[in-house]
Structure formats: C-alpha cells, structure tokens
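See structure below.
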Amino acid sequence: MAEPKTNEFMEKIVSLCKRRGFVFQSSEIYGGINGFWDYGPLGAELKRNVKDLWWRSMTRLRDDIAGLEATIIMHPKIWEASGHIATFTDPMVDCKTCKGRFRADQVSEIPCPQRPSKTVSECAGEKTEPRPFNLMFKTHVGPVEGDENVAYLRPETAQAIFAQFKNVLEVSRQKVPFGIAQIGKAFRNEVTPRNFTFRSREFEQMELEFFIKPDEIVEKLNGSVAKLDSSTDLSQARADWGWEVWHKYWVEQRIRWYESIGLPRASLEEYWQKKDELAHYAKATVDILYKFPFGTQELEGIAARGDFDLTQHQKHSGRSMEYFDEEAKSKYIPHVIEPSAGVDRLILALICNAYQEEPVTDEKGNTETRIVLRFHPRVAPVKVGIFPLLKNKPELVQKALQVRDILRPHMNVFYDEAGAIGRRYRRQDEAGTPFGITIDFDTLGEGGPERVDTVTLRDRDSMRQERVSISELLPKLLQQIQ
Ligand code: ATP
C-alpha cells in the first residue's frame with residue numbers, strides 16, 4: 001500500500017511519544033512485548049486528565065449517574081452470562097508459510113512478519129480456513145491450576161456494572177432513568193495488535209451503562225413515546241423519551257464532550273451500524289470514529305442493548321434484576337444505553353490532533369521548525385512552565401519559586417531554569433504546555449515601579465506575551481484550564 005505520508009506522520013508521533021515520555025514500549029529493556037504500552041511522565045498526566053474529565057462530566061456534574069470501581073477478575077460465570085465465553089472470538093487464519101496468525105477480516109492489510117515489506121495477501125503462503133479464537137486472557141485463581149479454578153481478565157468493564165446493578169441502585173437511591181459509570185483496565189488477547197496503542201492487549205475503558213424505562217412503560221405513563229426527528233430537542237431529558245431518543249441523546253453528549261477536550265467535530269465521524277452489522281441483542285449502535293493518520297477508526301461505541309445483559313445475569317445468577325417502578329406501579333428489567341470509550345485510543349487521537357510542525361523565525365532572522373502539541377489546556381499534561389530568566393540571579397530564582405508555589409497546589413506546573421529561554425519555551429511547546437511564565441528583571445522592579453511583581457505570560461499557540469501581575473495569574477489560568 002502506498003501511504004508514505006501517514007506512515008511518516010505516525011513515525012513522528014511514535015518518536016515524539018518516546019522522546020518526550022508520553023508512551024514507552026512495555027518491558028523495553030527486554031525487547032518489548034507486543035500489544036503492551038507504558039505511559040511515561042507526560043503520558044500519565046495526560047491520561048489522568050482525560051479520565052478525570054470523563055468522570056467529572058459523567059458523575060460529578062450530573063445527578064443521575066453514580067460511579068463504580070470493580071475488580072478485574074470476576075466470577076467466571078459473568079462471562080458465561082454475557083456470552084463472552086461462547087462468542088467473544090475473532091475468526092482467525094494461520095499462514096502455513098510464515099506461521100503468522102491473523103484476523104480473517106484483516107488478512108489483506110497486515111505486513112507479513114517474515115517479509116515486512118509485503119502484506120499477507122502478497123505472501124504466497126497458503127492460509128488455513130478461518131477458525132474462532134477466544135480473545136479473553138485466562139488465568140487460575142488459587143494454588144491449583146485446574147479447570148475448576150479458571151478465571152478471566154475482564155475483556156470489558158461493562159459486565160461488572162450489570163453484576164452490581166442492584167447494589168448500586170439500592171445505595172445510590174436512584175430512580176430509572178439513571179446510570180452507572182466505571183473506568184478501568186480491560187484485556188483482550190488481540191491477534192494482531194497494531195497502529196501503536198490503537199489496538200493493544202491491555203487497555204483502559206470508560207464505560208457508562210445508562211438504564212432507562214422500556215418503551216412500553218414510557219407509553220403507559222405518557223400515552224406515547226417521543227419520536228426522534230431533526231426537531232427533537234436533546235438538551236433537556238423528557239419523561240416520554242424512549243430508547244431511540246435516549247440513544248441519540250448520548251451520541252450527542254459524547255460528541256460534545258470530545259469537542260470540549262479539543263477534538264473538533266470535523267475530526268470525528270458518526271457511523272450508524274447497519275442492521276446486518278448489529279449484535280443480535282443491539283437495537284442500534286453508533287460508532288464515534290476519529291480520523292487517525294492510518295484511517296478513520298473507532299474511538300467509542302454507543303449501543304442500545306435493550307434488556308439483554310440484565311436478563312442474562314438474572315438467568316445465570318438466579319438473582320432478580322427487576323426494578324420496581326413506583327410511578328408505573330410495575331416491575332421490569334430496565335433497558336440500557338451503553339457509551340463505551342477507550343482511553344488509549346483517545347490519548348492517541350489527542351496527540352495526533354495536537355501535533356503540528358511550523359516554521360518560526362527568531363529575532364536574528366533564522367528560521368527553524370517548531371514542533372508544538374496544541375492540546376486543549378484542559379487535557380494538557382503540564383499547564384504552565386515557570387522560568388526565571390537567568391538561573392544565576394538568586395532574586396529571579398526566588399521570585400520564580402514563589403510563583404511556582406502559588407500555582408502548584410492548583411495545577412501541574414513545570415519549573416525550568418536550564419538553558420536559553422527560547423530553548424525552554426520550545427521544550428514546553430513540544431510537551432503541549434499551553435502557558436509559559438517568565439520572571440525577569442522587570443519583575444524585580446528594574447523596568448519601573450509599575451512593573452514590580454509582574455511577569456510575562458506566553459501563549460503557546462500564538463507565542464504572544466503579555467505582562468500580568470503575579471496576583472492575577474492564578475484566576476487567569478484557572479479560568480482557562482477548567
Ligand atoms: P474494534 O472493533 O476496534 O476491535 P470493538 O468494537 O471490539 O473495537 P468495543 O468492544 O466496543 O470495541 O470496546 C469499546 C471501546 O474500547 C472501543 O471503542 C475502543 O475505544 C476500546 N478498545 C476496544 N478494544 C481495544 C484494544 N484492543 N485496544 C485499545 N482500545 C480498545
């Protein structure tokens with residue numbers, strides 16, 4: 001495939017991620033392990049910000065969603081009930097020549113491991129017939145490795161939410177419609193991990209199960225179920241919303257959230273799965289796709305899953321999953337809308353979206369290329385760089401440390417006194433730090449009394465600098481990073 005441009009771009013992203021400490025190969029000193037990635041200092045901050053923002057928008061800023069943090073290993077019956085043991089498989093083919101194993105649906109796109117310049121379809125090797133391959137990692141609980149002790153690393157966080165539905169309902173005193181949100185690790189023994197962190201074997205998910213009344217109950221209570229059309233106002237939930245409107249509501253909410261953290265709507269696509277692509281229990285599924293350099297691919301899936309999961313757990317556990325609706329004076333198993341997002345894919349999207357190279361000319365007329373990550377200040381791993389103009393002037397250093405101590409309890413700051421100021425700015429540009437503060441001789445009063453205790457505040461994107469008094473810094477910055 002001739003796609004040197006995207007490969008080149010991805011190579012730059014991968015190299016920047018390593019050079020600046022966003023993402024490292026897991027176990028790199030031992031040659032790495034395929035499909036596993038570690039987040040370095042900047043990556044860990046970026047990831048934490050993204051998860052905190054999701055958690056805040058899903059739980060803290062709403063009355064109708066409660067949080068959960070469940071274990072990674074659960075009772076294996078969970079996966080029987082969910083269908084993962086029986087069906088969580090990708091059809092696989094083995095290449096008889098290179099011995100590689102590949103997903104049958106990706107076979108033409110994959111480089112042959114023995115002849116990397118070729119894709120598998122060009123590899124002359126004969127392929128086996130597609131066979132199912134279970135994607136769950138198996139382990140054993142306790143000292144004996146018998147069949148009776150088999151357990152699985154969860155391949156999604158969602159099932160724990162269903163299994164704890166009744167407990168959360170009881171303690172949170174919520175009424176349907178309401179949701180349960182969870183962020184956590186998931187594991188899939190992907191056959192062909194690829195595209196950097198996009199398809200990993202260990203990754204994190206941010207999932208919401210939003211429980212709603214079945215349409216019959218909505219109709220019974222309201223006389224009818226609201227129709228979804230272009231005039232439907234999604235800003236305010238209404239009692240007559242059925243699953244279709246709730247589903248569209250969540251698609252819209254999620255896209256707005258992506259916009260709020262810096263992914264422009266134009267970089268996203270909605271893909272409404274066709275009838276024959278839907279899982280048998282799903283009424284509708286929308287994938288939110290991001291235009292990655294290697295193709296437009298899924299960031300998040302938003303599925304209307306009916307009452308499938310709770311019904312399955314009721315059947316397999318023998319415990320009732322019914323909800324008594326006081327208003328409708330009847331019992332039912334709630335239906336669910338599930339927005340399920342991948343943290344790692346989102347981090348990759350944010351980095352790809354933020355990366356820019358631009359020519360800049362310095363005061364001496366020299367032009368160089370500036371690499372800048374234009375992260376939205378909300379997600380940026382470091383919010384502000386703090387620089388004393390010279391490190392060998394104790395008054396400047398002392399003032400800079402004072403500024404650091406004012407800001408540090410409220411945001412991630414990076415104090416840097418090493419090297420020429422231009423170099424320090426560039427280092428922070430490449431880390432995606434939206435603001436830079438320089439403490440200079442004017443701060444100390446050398447530029448006149450009106451400049452005492454003022455600093456320069458530099459904007460990463462425009463590179464413009466303004467003079468701001470130290471006392472104004474905190475409110476000014478907080479306004480932009482929250
Ligand atoms: P795909 O079709 O790309 O394998 P999926 O449809 O199986 O993904 P879901 O089961 O819907 O994915 O999982 C929800 C989200 O979890 C995905 O939208 C994605 O962001 C994330 N995710 C799933 N598998 C992986 C993976 N192997 N690596 C990183 N993130 C993943």
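In each ligand, atom 1 is the first atom listed, and ligand 1 is the first ligand listed. Counting begins at 1 with the first residue of the sequence. Just so it is clear, the model here is predicted, and its values are computed rather than measured.
Among all non-hydrogen protein atoms, the one lying nearest atom 29 (C) of ligand 1 is F198 O, 3.1 Å. The shortest contact between atom 22 (N) of ligand 1 and any protein heavy atom is with F203 CE1, 3.5 Å. From the protein, the heavy atom lying nearest to atom 13 (O) of ligand 1 is Q205 NE2, 3.4 Å. The single protein non-hydrogen atom nearest to atom 2 (O) of ligand 1 is E298 OE1, 4.1 Å, given as residue, atom name and distance. For atom 21 (C) of ligand 1, the closest non-hydrogen atom on the protein side is G342 CA, 3.7 Å. Scanning all protein heavy atoms for the shortest distance to atom 19 (C) of ligand 1 gives R345 NH1, 3.4 Å. Taking atom 14 (C) of ligand 1 as the reference point, the nearest protein heavy-atom neighbour is S340 OG, 3.0 Å.
Between R265 and E252, at least one side-chain nitrogen of the basic residue sits less than 4.0 Å from a carboxylate oxygen of the acidic one, meeting the salt-bridge criterion. Using a cutoff of 4.0 Å between basic side-chain nitrogens and carboxylate oxygens, D94 and K127 are not scored as salt-bridged. Of the charged side-chain nitrogens involved, none lies within less than 4.0 Å of a carboxylate oxygen, so that D325 and K175 do not count as a salt-bridged pair. Residues K185 and E202 are paired through a salt bridge, judged by an N-O separation under 4.0 Å between the basic side chain and the carboxylate. Under 4.0 Å is where a charged nitrogen must lie from a carboxylate oxygen, and between E145 and K138 no such pair does.
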Problem set entry | Derivation of the salt bridge (Lys or Arg N to Asp or Glu O under 4.0 Å) call for D276 and K274 | CA-CA 6 Å; D276 60 342; K274 310 212 169 51; over 6 Å; no

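By heavy-atom distance, the residue among E338, E207, R201, R199 lying nearest atom 1 (P) of ligand 1 is R199.
Side-chain atoms of E338 do not come within 3.5 Å of backbone N or O of I302 as any donor-acceptor pair.
The aromatic rings of F308 and H280 stand perpendicular to each other, their planes meeting at an angle above 60°, with 30° marking the opposite boundary.
Contact analysis leaves E156 out of contact with ligand 1, as no non-hydrogen atom separation drops below 4.0 angstrom.
Residue L299 touches ligand 1 through its backbone alone, judged by heavy-atom distances below 4.0 Å. Contact annotation: for E190 versus ligand 1, heavy atoms closer than 4.0 Å belong to the side chain alone. Only side-chain heavy atoms of R188 come within less than 4.0 Å of ligand 1; its backbone N, CA, C and O stay farther off.
Every atom of ligand 1 is numbered from 1 in the order shown, and the set under 4.0 Å from a heavy atom of E300 is 18 (O). Within ligand 1, counting atoms from 1 as listed, the ones closer than 4.0 Å to a heavy atom of S200 are 26 (C), 27 (N), 28 (N), 29 (C).
Applying the 6.0 Å contact sphere to CZ of R48 captures no more than 12 heavy atoms from other residues, nucleotides or ligands.
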